[in-house]
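Throughout, a chain's letter reflects where its sequence line sits, starting with A, and its residues are numbered from 1.
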2 protein chains.
Amino acid sequence: MPPRLSAPARREQILDVALEVFANAGFHGASMNDVAEAAGVTKPVLYQHFDSKRDLFQALIEEVGNRLRNNIDKATAEATDGKSQTELGFRAYFRWVADDHDGFRLLFGSGSRRDDDFNDAVRKITEQSAKAIAPLIAVDIDESHRETLAHALVGLAEGASRRLVGLGKEFDPDEIAREVAALAWAGLRAVTPGARHQT
Amino acid sequence: MPPRLSAPARREQILDVALEVFANAGFHGASMNDVAEAAGVTKPVLYQHFDSKRDLFQALIEEVGNRLRNNIDKATAEATDGKSQTELGFRAYFRWVADDHDGFRLLFGSGSRRDDDFNDAVRKITEQSAKAIAPLIAVDIDESHRETLAHALVGLAEGASRRLVGLGKEFDPDEIAREVAALAWAGLRAVTPGARHQT
DNA sequence: ATGGGAACGTACCGAAGGGTAACCGGCGCG
DNA sequence: CGCGCCGGTTACCCTTCGGTACGTTCCCAT
């Protein structure tokens, strides 16, 4: 008979196990019973800690998002020039992906983007990343184009990560980060302003 | 009383309308009744043309995927050197996004990535895109790194598109394509091989 | 005109799953 | 010793939704 846990401990354990379950099966693919079973308890226990399935899932998104954001913020804070900011930012990102496969799949691979509520939560994260990237684009183009390119770079990292995580094999995040950062940095400096309608 | 349609015509109309419905609500968010109602018929009619909800959805993915692939293939076929291939490829991609918002959302935004079956279908598309991009990476690095970077570039276009489609406003695909292609091309040429473990 | 087949609607089934009411049992406290 | 608190379970409800059996209307061909 598994030992009883205190309420806060149980809550943490549920979050842990739910992350894995949802990452594997997706929000719709996993039932509350699945989560409960994986946690070694029964359904009503989940509802003592979370108001609803959506509530639980959103808590996970929030938590994982914070982990990601913290890592990147901490890393880029140490850099002064744009180039090393790019490097360190991507490095932090890929390191996070490398040791939080489940978190990555939860945010970017489990249909979180479909549901309006969840999509908002995920969007906040990508939006913030983009906002951090946008100033690195030196060329003189519209603000909206600059933001679009920033989002493109967020997608750059996401695309690479999806592939890497999808393969299931281990990978060296620093090596990938170096290449991707090089691509991004050189790419950013190559963008040229379009023909302006005269002002 | 709406006129009766011939079987092939009805099938096409269902596909049309289902694309819109699924793009808006996602696979799980839209019921067969929703689709039927939007098509102006009742549920059993859907099942006269498609074996199951999954079957219908998969047909949509297939169709949209083919449209995308054809556009890109046709565009890149006209190019000789890598640089213009890059340009024309991205241009075809963004043009497709610009006038098939629903298709884009279906493939890349409606949780198609979550379900194993659908994920395979979508993956085939990105995989092909990546395979087309990979040869453009000139630098001498591992095949696996090369493919990872190729997938990153697929994500680049996806990230930009997600933003553009999400904003809902119109945009000039050629202008975006020019910038993104410039970024990608210059970026690709800037990637350097890592320190080799000696051979 | 009259059969027949194709398109379509009505009404239903059954399973899955989110959520809840009520009960249970062990540990700590007076 | 007993009593109450709290983590936990059992058993259930109810809605949603994928899928289907069967009846009905309309058009076309002989």
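- Taking CD of A:E63 as the start and CD of A:E12 as the end, the distance is 6.5 Å to the nearest 0.5 Å.
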message = The test is side-chain contact (heavy atoms from CB on, under 4.5 Å); show your working for B:R105 and B:N24 and say whether it passes.
response = CA-CA 8 Å; B:R105 290 192 297 169; B:N24 281 327; 2.8 Å; yes
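- Rounded to a whole Å, the NE2 atom of B:H49 is 16 Å from the P atom of D:dG19.
- Residues that satisfy the side chain to side chain donor-acceptor pair (under 3.5 Å) test with A:S144, not counting sequence neighbours, are absent from this structure.
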remark   = Letter by letter from the 5' end, nucleotides 12-27 of chain C scores (B base, S sugar-phosphate only, - none; protein heavy atoms under 4.0 Å) ------BBBB---B--
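- Regarding A:R11, its CZ atom lies at a distance of 14 Å from the P atom of D:dG7, rounded to whole Å.
- The separation between B:D55 atom CG and D:dG18 atom P is 14 Å, rounded to whole Å.
- A sub-4.0 Å separation between OP1 or OP2 of C:dA6 and a side-chain N or O of B:R10 is absent.
- To the nearest angstrom, P of D:dT20 lies 15 Å from CZ of B:F50.
- One interatomic measurement links the two molecules: CG of B:L46 to C1' of C:dA7, which rounds to 13 Å at whole-angstrom precision.
- A distance of 11.0 Å separates CG of B:D117 from CG of B:D55, quoted to the nearest 0.5 Å.
- Counted within 6.0 Å of CD on A:E37, heavy atoms from surrounding residues, nucleotides or ligands total 12 or fewer; the atom is thus considered open.
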inquiry  = Does B:S31 form a side chain to side chain donor-acceptor pair (under 3.5 Å) with B:D34? I'd like the steps, not just the answer.
reply    = CA-CA 5 Å; B:S31 71; B:D34 294 338; 3.3 Å; yes
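- Nucleic acid contact class of B:V41 (heavy atoms, under 4.0 Å, all strands): sugar-phosphate only.
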